[in-house]
Amino acid sequence: MAAAALNLPSLSSSPSPSPSLSHPTHFLPTPLSFSSKSLPKSHSFHSHSLPKPLLVAVAAAAKSPISHFFSDDDSDDKPREECGVVGIYGDHEASRLCYLALHALQHRGQEGAGIVSVNDDVLQSVTGVGLVSEVFNQTKLDQLPGDSAIGHVRYSTAGASMLKNVQPFVAGYRFGSVGVAHNGNLVNYGSLRAKLEDSGSIFNTSSDTEVVLHLIAISKQRPFLLRIVDACEQLEGAYSMVFITEDKLVAVRDPYGFRPLVMGRRSNGSVVFASETCALDLIEATYDREVFPGEVLVVDKNGIQSLCLMAHPQPKSCIFEHIYFALPNSVVFGRSVYESRRAFGEILATEAPVDCDVVIAVPDSGVVAALGYAAKAGVAFQQGLIRSHYVGRTFIEPSQRIRDFGVKLKLSPVRAVLEGKRVVVVDDSIVRGTTSSKIVRLLKEAGAKEVHMRIASPPIIGSCYYGVDTPSAEELISNRMSVDEIREFIGCDSLAFLPFDSLTKLLGNDSSNFCYACFSGNYPVEPREIKVKRVGDFVDDGLNGSLESIDGGWVQANRHQNLENHLKVEKVGGV
């Protein structure tokens, strides 16, 4: 469809709320606090329609051939955001500002970073594997002159983080050059790639971002921004992207607005796009607004032009940005992340109270919710766990095995806070449950008399296809066990999740603008393919071969019906 150019001020400042949620929330159980001592077994929540689980989590992906020499650090027992993106136009220090903004977004990806700048109509790129501070130095930044730039920090799901997969990607085609940085995941990647390969396209990476470049190159539309629109109209799933050409910076967000993307301005008039507002704060840019779902923003010497990508449906922004991914000092989807997390903790204290002596957090993402819980409960918050920020993803373990080695490397209990105390420990989520069980054991070994887990999100029962690396549904502990069974598995004295109804009530009129697929199994964009590519890249992504022959990069799709049946059984069971 043709895209109509609009003046920027004519767009509405916020999407209009929908009067109701789009999924059957009444099927969802309310996961409150209980223990085997206080609740009869007959009242626990059971997954009647699913087989009895094993009490050992299944490995998420194939190990590398040398993995038996290393100990996993258990950091994969959290959902993973794929990446963060930055775009800057109109500043003579664009690449240095981009570098700083990527530092602020480092939490969104630690395995690769890159910057592309434009100077004298030439796109220049520096990418590397590792943290932003490891990839860039003064010499590298000197290679990136120009007054516009885009940047990217990356997380890959498994295997080696290969340099060829580090974004931004740059490609040349018959009308010039284009660079792109992408946050999200395309649920129709497989079919798009197969169609392009049938037409003669050759792919160099396993990233779905490369598909976008091919679609732009083969588009018959003119000018360049309409080529972007034409390409994006063929995409299904989540994408927040920034493009750079010889004379333009373009920002695009998918029609559902799954992943965040904001716009700001510096005092000299330069325009900045970033995944979170914390990146704007560091480079002293003032937050302007979000890039709206389904919007294309084009920045060039003539100013800013806004186009409607397509008629967009009800927004479905990722609720996990507020639960886990974003930094607390960011404003995401128009809401303060700090205030959201504090409110989650207050709700837990109100709806799942327990007698305790101290409230602690699993750092860092559980801290704000724990502060909210402690304030509401009238109990002191203390640092019962200290996190080491100097540990990599794997560590060589001594030949004499140390129990819970990975967790002990990252988290150290404070015996003075815990010994003889009834402890409430607040965490943001439970995925497989393996790390939670080790944390509980760690606290009890440090002398805690009781350990009560409070989780600042509802139970995760479904995989995400929209840019979050979650395990398959079979590996998600809340999809395989009741809350009481999870409590037994992790070994705590009581366990409570944030009730789903309380979450939507807190969000108020905005509640219908969020995606809750990981909690409900209802997907705004239902994958039509049998398997959906996970975010990041395949295991050992330096390999070449057919997509089907490279293991570890896919998750089973079309689980909607199974999850819905599971929820209906819960309802019939009287929960």
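All values reported here derive from a predicted model rather than from experimental measurement.
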key: Ser365 side chain vs Tyr324 backbone, donor-acceptor pair below 3.5 Å   = no

remark   = One should read off an interatomic distance between Tyr89 OH and Arg265 CZ, to the nearest 0.5 angstrom, of 13.0 Å

query = Which heavy atom of Ser95 sits nearest a heavy atom of Leu144, and at what distance?
reply = OG-O, 2.8 Å

request  = Assess whether salt bridge (charged side-chain N to carboxylate O under 4.0 Å, His left out) is satisfied between Glu321 and Arg108, documenting all intermediate values.
outcome  = CA-CA 10 Å; Glu321 292 286 349; Arg108 299 184 76 90; 2.9 Å; yes

inquiry  = Once you measure the plane-to-plane angle for Phe519 and Phe320, does it fall in the parallel (<30°), tilted (30-60°) or perpendicular (>60°) bin?
reply    = tilted

message = Looking at Glu134, I'd like to know if its CD atom is crowded, meaning that more than 12 non-hydrogen atoms belonging to other residues, nucleotides or ligands lie closer than 6.0 Å.
response = yes

message = I need the minimum non-hydrogen distance between Leu249 and Gly87, along with the two atoms involved.
response = CD2-C, 3.8 Å

key: Minimum heavy-atom distance between Ser207 and Asn165, given as atom pair plus value   = N-OD1, 4.1 Å

key: Charged N-O contact under 4.0 Å between Arg266 and Glu93   = no

message = Tell me if a side-chain donor or acceptor on Arg387 pairs with a main-chain N or O of Pro363 at a distance below 3.5 Å.
response = yes

For the student: nearest non-hydrogen atoms of Ser240 and Arg253, plus distance = OG-CG, 3.6 Å

ask   = Any donor-acceptor pair under 3.5 Å linking the side chain of Asn137 with the backbone of Lys140?
value = yes

query = What is the minimum heavy-atom distance between Phe325 and Val468, and which atoms define it?
reply = CZ-CG1, 3.3 Å

message = Taking Tyr239's backbone N and O only, do any of them form a donor-acceptor pair with Asp254's side chain (distance below 3.5 Å, no angle check)?
response = yes

query = What's the shortest heavy-atom distance between Leu476 and Ile461, and which atoms?
reply = CD1-C, 3.6 Å

inquiry  = Please check this pair: side chain of Thr277 against backbone of Val331, looking for a donor-acceptor N/O pair closer than 3.5 Å.
reply    = yes

message = Whether the side chain of Thr127 engages the backbone of Val166 through a donor-acceptor N/O pair (distance < 3.5 Å, no angle test) should be reported.
response = no

query = With no hydrogens and no angle check, is any side-chain donor or acceptor of Ser463 less than 3.5 Å from a backbone partner on Ala473?
reply = yes

key: Exam field: side chain Glu236 to backbone Val187, donor-acceptor pair closer than 3.5 Å   = no

Ionic contact status for Arg193 with Glu197, cut-off 4.0 Å = yes

ask   = Is it true that Phe203 and His214 have ring centroids separated by less than 6.0 Å?
value = yes

